[in-house]
A.B. asks: 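Please see the structure below; I have some questions.
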Amino acid sequence: GEKLISHGSVNELCYSCHAKEKIGLNQPKVHTVLKTGKCASCHNPHGSTGSHLLKAEGPEACYQCHKKEAYQQKVVHAVLQKEGCRVCHRPHSSSEPDLLVKAKTPLCLSCHDPGKGSFKKAHGNYPVEKSSCTGCHDPHSSSQKMLLKASAHNPVVEKSCDACHPAPDAKTPFVATGKGGSLCYQCHDETKLKGGGTVLHNPFGGGECLSCHDPHASRNTKLLARKGNTLCLECHGEQGKPVAKGHAALTKGKGCLSCHMPHAAKNKGLLAAKDSDLCYTCHAKVKASQKAKTQHAPFTKGECSSCHNPHGSDLPGILKDREDKVCYGCHADAAAGFVKKTIHKPVLSGDCGSCHAAHGAEEKKLLRKTGASLCADCHKELMKEVTGGVSHDPFKGGECLTCHDAHASNFGGMIVAKQDKVCFECHSELKDNMKGGKSRHSPVTAGECTKCHSPHKAKLNKLLLAQG
């Protein structure tokens with residue numbers, strides 16, 4: 001560790017004896033652990049049973065950071081197995097990429113003699129020594145013979161390079177004998193690749209097969225140039241931005257190909273099926289809402305992407321925006337109507353889903369429950385009746401909306417109108433009796449009925465707040 005070191009960072013302490021130039025810090029390519037000041041990742045600063053104070057000998061020293069599995073597949077490069085990593089790589093730095101001791105192809109040719117008959121036969125007599133060996137071979141280990149990458153093009157495996165290239169003794173043996181997709185279609189059926197689709201992926205439609213596929217070999221399935229979503233995101237970077245709520249279809253399994261076709265499709269956006277039909281392949285429970293009595297219009301029309309971002313979102317339910325803003329996209333009148341003095345907390349916090357189901361419900365207006373049972377989810381204590389007391393008839397009957405507005409109001413308590421007006425809708429006899437009175441109680445004149453009466457429940461008769 002770095003405890004008790006008095007000379008700055010670990011590396012700076014090392015450099016006090018080991019000159020930076022001597023260990024190669026002046027080279028263009030420097031080993032990451034050395035560059036980031038972590039000499040002790042490989043070396044034991046006190047002592048070791050290995051050479052150069054290494055914590056482990058040979059490849060095992062490298063496997064502390066580099067996953068061993070990638071270097072120990074079915075077929076292992078003989079030089080790696082017998083002599084270790086340092087035959088090809090320098091431990092500290094190099095002028096070559098990947099810390100190689102020399103340029104890739106010359107490095108391979110230092111062991112593999114291109115003049116030998118076996119070498120020529122293995123490569124169909126093509127002068128591959130002028131090309132890159134790692135286009136077809138994995139330099140460390142592979143599941144395939146001859147260290148061919150896991151996914152190899154049939155002509156490569158069969159040494160039939162002339163299927164795509166001129167004869168090996170041609171002036172330019174490595175040029176392609178056809179342009180773009182026309183060459184590929186000599187073996188690959190274009191109609192079959194389209195699968196009846198009329199919407200074409202731009203590279204596919206333009207015959208740019210090599211935008212996605214390697215023509216010779218790849219570590220990835222189907223000769224793909226990059227693994228999984230990484231390939232797609234080279235062009236579609238916007239869909240790969242980090243989000244708090246990732247769509248499982250995108251982040252797991254087949255990734256992008258869970259929803260999109262790679263070459264052609266019958267639907268816009270290269271979707272494998274129409275909007276909702278595609279979504280229901282995973283979201284069967286949501287589909288069950290189609291049986292509900294009341295259904296949300298976008299849901300009925302199968303327009304899932306009206307509300308959800310299929311590539312992920314920073315919001316719950318991978319919504320395209322805050323829930324209320326999504327709703328106001330269609331219900332613009334509601335947005336304006338809810339700007340009042342008193343706003344219901346779920347409305348204020350943009351949580352429309354507290355009361356309304358997003359897809360379908362058995363109640364009108366997509367309400368999750370009927371009447372007071374919905375209000376009770378938040379106002380549980382208020383809804384309890386007073387033992388031995390009395391309750392206001394609308395309150396007892398669960399008719400909250402007789403007096404209250406569900407969303408917002410310009411009146412206290414979120415009532416639908418001025419307090420006395422609300423009360424007189426039912427208690428009209430009181431209003432009539434007051435007309436001929438010579439004097440009036442101040443709270444009555446001010447229309448403040450709740451100064452004396454509880455609007456919900458009370459222990460006293462006539463909902464009085466206190467004994468008169």
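Both backbone and side-chain heavy atoms feed into the values below; hydrogens, waters and symmetry mates do not.
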A.B. asks: Quick one: pull up SG in Cys88 and NE2 in His77 and give me the separation to the nearest 0.5 Å.
C.D. replies: 6.5 Å
A.B. asks: Just grab all the side-chain hydrogen bond (donor to acceptor under 3.5 Å, both in side chains) pairs involving residues 136-155, residues at least two apart or on different chains.
C.D. replies: Gln73-Ser141, Asp138-Arg219
A.B. asks: Report yes if some heavy atom in the side chain of Gln467 is under 4.5 Å from a heavy atom in the side chain of Leu460; otherwise report no.
C.D. replies: yes
A.B. asks: Is any side-chain heavy atom of Pro215 closer than 4.5 Å to a side-chain heavy atom of Leu223?
C.D. replies: no
A.B. asks: I need the full list of side-chain hydrogen bond (donor to acceptor under 3.5 Å, both in side chains) pairs touching residues 287-301, with sequence neighbours left out, sorted by first then second residue.
C.D. replies: Gln295-Thr300
A.B. asks: Is the closest side-chain heavy-atom distance between Leu148 and Cys136 below 4.5 Å?
C.D. replies: yes
A.B. asks: Return the orientation label for the Tyr185 and Phe204 ring planes: parallel under 30°, perpendicular over 60°, tilted otherwise.
C.D. replies: perpendicular
A.B. asks: Please report, to 0.1 Å, the donor-acceptor pairs under 3.5 Å made by any side chain of residues 390-398, with sequence neighbours excluded.
C.D. replies:
{"residue": "His392", "atom": "ND1", "partner": "Pro455", "partner atom": "O", "Å": "2.7"}

A.B. asks: Filter on side-chain hydrogen bond (donor to acceptor under 3.5 Å, both in side chains), then keep only pairs touching residues 366-382, sequence neighbours left out; what's left?
C.D. replies: Lys369-Asp377, Glu381-Lys384
A.B. asks: Test of understanding: with side chain to side chain donor-acceptor pair (under 3.5 Å), list the residues that count as partners of Glu448, not counting sequence neighbours.
C.D. replies: Lys451
A.B. asks: Is there a side-chain contact between Lys227 and Leu224 (heavy atoms, below 4.5 Å)?
C.D. replies: no
A.B. asks: If you round to the nearest 0.5 Å, how far is SG of Cys85 from CD of Glu60?
C.D. replies: 9.0 Å
A.B. asks: With sequence neighbours left out, what residues match Tyr63 under ring-ring contact (aromatic ring centres under 6.0 Å, His included)?
C.D. replies: Tyr71
